[in-house]
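Notes for the one structure printed next.
Predicted model only: the values in this text are computed from it and were never measured.
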Amino acid sequence: RRGGDNFASPRAQPAQTDIMADDKIHAAFKQLGITCQTLEHVEVPTVEAGLAATASLGAGKKFAFAKNMLMNDKKAGLFLLTVGAQQKVDTKQLPTMLGGIASSNNFRFAKDTQLDETLAVKQGSVSPLAVMNDTGNKVTLVIDKPLLDAETIGVHPLRSDKKCAGTPHATGGSPGG
C-alpha cells in the first residue's frame with residue numbers, strides 16, 4: 001500500500017498485451033499529432049473503482065471520467081456508448097436517444113467474447129479508443145454530447161490500469177458533437 005491509500009501500487013511487470021496496447025495507442029497518437037496525459041493507477045474493473053483509484057491523484061478535478069458500454073441489438077448491431085461516469089443509461093430509451101439508428105428495443109450488454117472479438121479488449125478496459133481495433137467496422141461509436149463538451153475527458157488506453165486524459169477529439173470524439 002502507498003502512504004494512506006487503500007489501493008495497491010500499479011503492477012510492476014505489465015503483461016505483454018498491455019505493452020502492445022500502449023505501443024499501439026502511442027503510435028496512433030503520434031501519427032495524429034495528439035498529446036495525452038497518462039495517469040497510472042491500480043487495475044480497476046468498474047467505473048466506481050476507477051474513480052476511487054484516481055481520486056488521490058486529483059484526476060476527478062482535472063477531467064471528466066467516461067463510462068463505456070458495448071451494447072448489442074440483434075437487428076441494429078453493436079454500439080459502443082461512451083457517457084459521463086455518473087450518467088444513467090436507460091436501455092429502453094436507446095432507440096430514441098440514437099435518433100432512429102436502431103428502431104428495436106432489444107439492447108443488451110454485449111458478451112465478453114464480443115468485446116474480445118470486435119474491440120480486442122476485456123471488460124473494464126473498454127473505451128472509445130478501442131474502436132481502432134474494430135477492423136470489421138462492426139461497432140458504432142456513440143459519445144454523449146455533455147461528455148464531448150467537457151474540456152478534458154479520461155478514458156482507458158485499452159487497459160484498465162491507466163487513464164488517458166485528453167480533449168474529447170483526442171480520445172475518440174469529434175469537435176462540436
Just do the side-chain hydrogen bond (donor to acceptor under 3.5 Å, both in side chains) check on Asn68 and Ser127 with the steps written out, would you?
CA-CA 6 Å; Asn68 306 279; Ser127 83; 5.6 Å; no
Measure the CG-CG distance between Leu78 and Leu141 for me, rounded to the nearest 0.5 Å.
12.5 Å
Please state whether the rings of Phe107 and Phe79 are parallel, tilted or perpendicular, taking 30° and 60° as the class boundaries.
perpendicular
For Glu43, does its backbone N or O pair with a side-chain atom of Asp161 as donor and acceptor, under 3.5 Å?
no
Starting at CG of Asp144, measure out to CE of Met97 and round the result to the nearest 0.5 Å.
6.0 Å
Residues in side-chain hydrogen bond (donor to acceptor under 3.5 Å, both in side chains) contact with Asp134, at least two apart in sequence or another chain
none
How many angstroms lie between OG1 in Thr140 and CG in Leu70, if you round to the nearest 0.5 Å?
10.5 Å
Salt bridge or not between Asp73 and Lys75? Use side-chain N to carboxylate O under 4.0 Å.
no
Which distance, rounded to the nearest 0.5 Å, do you find between the OG1 of Thr91 and the CZ of Arg108?
7.0 Å
Ser125 side-chain N/O to Ser160 backbone N/O, donor-acceptor pair under 3.5 Å:
yes
Could you check whether atom CD of Gln123 has more than 12 heavy atoms from other residues, nucleotides or ligands sitting under 6.0 Å from it?
no
CA sep, side-chain torsions, deciding dist, call: Lys111, Asn72, side-chain hydrogen bond (donor to acceptor under 3.5 Å, both in side chains)
CA-CA 9 Å; Lys111 297 176 181 172; Asn72 187 22; over 6 Å; no
Could you state the interatomic distance from CG (Leu147) to CZ (Phe65), rounded to the nearest 0.5 Å?
11.5 Å
Shortest non-hydrogen contact from Val89 to Met69?
CG2-CE, 3.3 Å
Side chain of Lys74, backbone of Asn106: donor and acceptor closer than 3.5 Å?
no
